[in-house]
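Below: one structure, written as C-alpha cells.
So that the names make sense, note that chain A is the first sequence line, chain B the second, and so on, each numbered from 1.
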Number of protein chains: 2
Amino acid sequence: MKETKLCPRLSKAMELLGKRWTTLILYQLLDGPQRFNEIESALPVSGRLLSERLKELEKEEIVQRKVYADVPVRVEYSLTEKGSALEGAIREVENWSQTWIK
Amino acid sequence: MKETKLCPRLSKAMELLGKRWTTLILYQLLDGPQRFNEIESALPVSGRLLSERLKELEKEEIVQRKVYADVPVRVEYSLTEKGSALEGAIREVENWSQTWIK
DNA sequence: TAGTGTCAGTTACTTTTTGTAACTTGATTT
DNA sequence: AAATCAAGTTACAAAAAGTAACTGACACTA
C-alpha cells in the first residue's frame, strides 16, 4: 500500500469506524447493553457480519462481551470507556444527518 | 435486506460515511480545496477509488468539483456547506483517535 | 516531428469483503 | 422424540476494493 504522511492514529480509527456497520453497532449500544439478537434485530446487518464486527470491537476494547449462563445462554454487549468516548462523534453524525439528509 | 426501525437519515449518512476512504477524503478537504493528485498523494487511496468516491460525494452535494482549463487541466475539489457541516463530526473522531488509539 | 511529460482519470483483472441462507450446539419445553 | 431458543458458524455467490497498466488532450524537448 502507498505510504503517506497521514496520522497513523486517525488512520487506525478510520480503519475501524469506516468498516461497514461498525458505527451503527456502536450507535445502537449507546442505548445501553444489548444482546446479540437485539442488535441484529435493530440493524439491517446479518448475524455473520455482526459477529465479525463485535469480535473486532472487543479486540480493540471498544466493546465488552459478557456471558450469562442462563438458559438459553445470554450474551450482552456494552461499550467500554473507550467506546463511550465515541458518543460525541456519533451524535455529531446523527445531528448532521437530521439537518442535511432529506 | 432486513427491515428495521433504524432512522433512514442516519442510515443514509452511514451508508456514505461508512464507505471506505470517504471520511478521510473529507478530512483531507478540511485543509481547503485540493486537486485530484493532491488528495491521491495525501491518502493511501488509489485513483480508481478516489475517482469513484469523489463522484458519489459530488452527487450528494457534499463535495464540489471545479475544472480549470489550464494546461494540463486542473480540477479542484472542495467541501460544500453540507460537506463543511461534517467538520465537527470529523474533528471528534480525530480527537478520539489521539486520546484512545495507541 | 517523433518522443516525453503532466493531469485526471478509466480499464482490465485479481483479491477481499459482504450478503444470504442454511446449519450447529446445548439445554428445555411440548 | 420433535420443536424451540440464543448465539453464533459455515458454505457459497455477489459486490466492492486493490493493483497496475492505459488513455486523451495538450505542451515542451531533441
Side-chain angles (χ1 to χ4, degrees), chain A residues 1-4 6 11-29 32-60 63-79, chain B residues 1-4 6 11-29 32-60 63-79:
Chain A
M1 213 174 245
K2 272 167 54 183
E3 31 111 17
T4 63
L6 173 64
S11 177
K12 176 74 186 297
M14 289 315 309
E15 221 166 279
L16 291 168
L17 303 176
K19 238 167 197 165
R20 209 169 217 173
W21 306 118
T22 301
T23 301
L24 284 175
I25 291 167
L26 298 176
Y27 172 77
Q28 195 56 36
L29 289 176
Q34 279 167 73
R35 332 174 53 168
F36 190 92
N37 277 344
E38 287 183 273
I39 306 172
E40 194 180 359
S41 312
L43 303 175
V45 66
S46 68
R48 191 180 80 66
L49 276 230
L50 179 55
S51 172
E52 193 171 308
R53 289 296 178 272
L54 286 170
K55 270 183 201 158
E56 293 163 6
L57 291 169
E58 202 194 343
K59 196 170 105 218
E60 297 297 328
V63 155
Q64 200 188 348
R65 180 175 185 270
K66 201 152 186 252
V67 181
Y68 297 86
D70 294 7
V71 165
V73 71
R74 183 161 59 95
V75 179
E76 264 190 9
Y77 292 90
S78 57
L79 298 177
Chain B
M1 213 174 250
K2 273 167 53 184
E3 28 114 16
T4 63
L6 174 64
S11 175
K12 176 74 186 295
M14 288 317 307
E15 220 166 281
L16 290 168
L17 303 176
K19 235 167 199 169
R20 210 169 219 173
W21 305 119
T22 302
T23 301
L24 283 176
I25 291 167
L26 298 175
Y27 172 77
Q28 195 56 35
L29 289 175
Q34 279 168 71
R35 334 174 52 166
F36 189 91
N37 278 344
E38 288 183 274
I39 306 173
E40 195 180 0
S41 311
L43 302 175
V45 66
S46 68
R48 192 178 81 68
L49 276 236
L50 179 56
S51 173
E52 195 171 307
R53 289 297 177 271
L54 287 169
K55 269 182 200 158
E56 293 162 7
L57 291 168
E58 201 193 343
K59 197 170 104 218
E60 298 296 330
V63 155
Q64 200 189 350
R65 179 175 185 271
K66 200 150 187 252
V67 180
Y68 297 87
D70 294 7
V71 165
V73 71
R74 183 161 60 97
V75 180
E76 265 191 8
Y77 293 90
S78 57
L79 297 176

What is the distance, rounded to the nearest whole Å, between atom CZ of Arg53(A) and atom P of dT9(D)? 14 Å
Decide, yes or no, whether a salt bridge links Arg53(B) with Glu56(B) under the criterion of side-chain N to carboxylate O below 4.0 Å. yes
Specify the separation, in whole Å, of atom CG of Leu50(A) and atom C1' of dT20(C). 15 Å
From the list dG18(D), dG19(C), dC26(D), which nucleotide is the closest neighbour of the side chain of Val71(B)? dC26(D)
Rounding to a whole Å, what distance do you find between Leu43(A):CG and dT18(C):P? 15 Å
So how far is it from Leu43(A) CG to Leu50(A) CG, rounded to the nearest 0.5 Å? 7.5 Å
Would you call Glu52(B) and Arg20(B) a salt bridge, taking side-chain N to carboxylate O under 4.0 Å as the test? no
Counting only side-chain nitrogens and oxygens, does Arg20(A) get under 4.0 Å of the OP1 or OP2 atom of dA15(D)? no
d(CH2, Trp21(B); P, dT16(C)) in whole Å: 15 Å
Under the 3.5 angstrom rule, does the side chain of Gln28(A) hit a backbone N or O of Ile39(A) as a donor-acceptor pair? no
Main-chain N/O of Gly47(B) paired with Ser51(B) side-chain donor or acceptor, under 3.5 Å: no
How would you summarise protein contacts on nucleotides 2-11 of chain C per nucleotide, using B for base, S for sugar-phosphate only and - for none, with heavy-atom distances below 4.0 Å? ----BSSSBB
Nucleotide nearest Ser46(A) (side chain, heavy atoms from C-beta), chosen from dA17(D), dT20(C), dT18(C): dT20(C)
Before giving the answer on side chain to side chain contact (heavy atoms under 4.5 Å, CB included), spell out for Ile25(A) and Tyr77(A) the whole-Å C-alpha distance, their side-chain angles and the decisive distance to 0.1 Å. CA-CA 10 Å; Ile25(A) 291 167; Tyr77(A) 292 90; over 6 Å; no
How long is the line joining CG of Asp70(A) and P of dG26(C), in whole Å? 18 Å
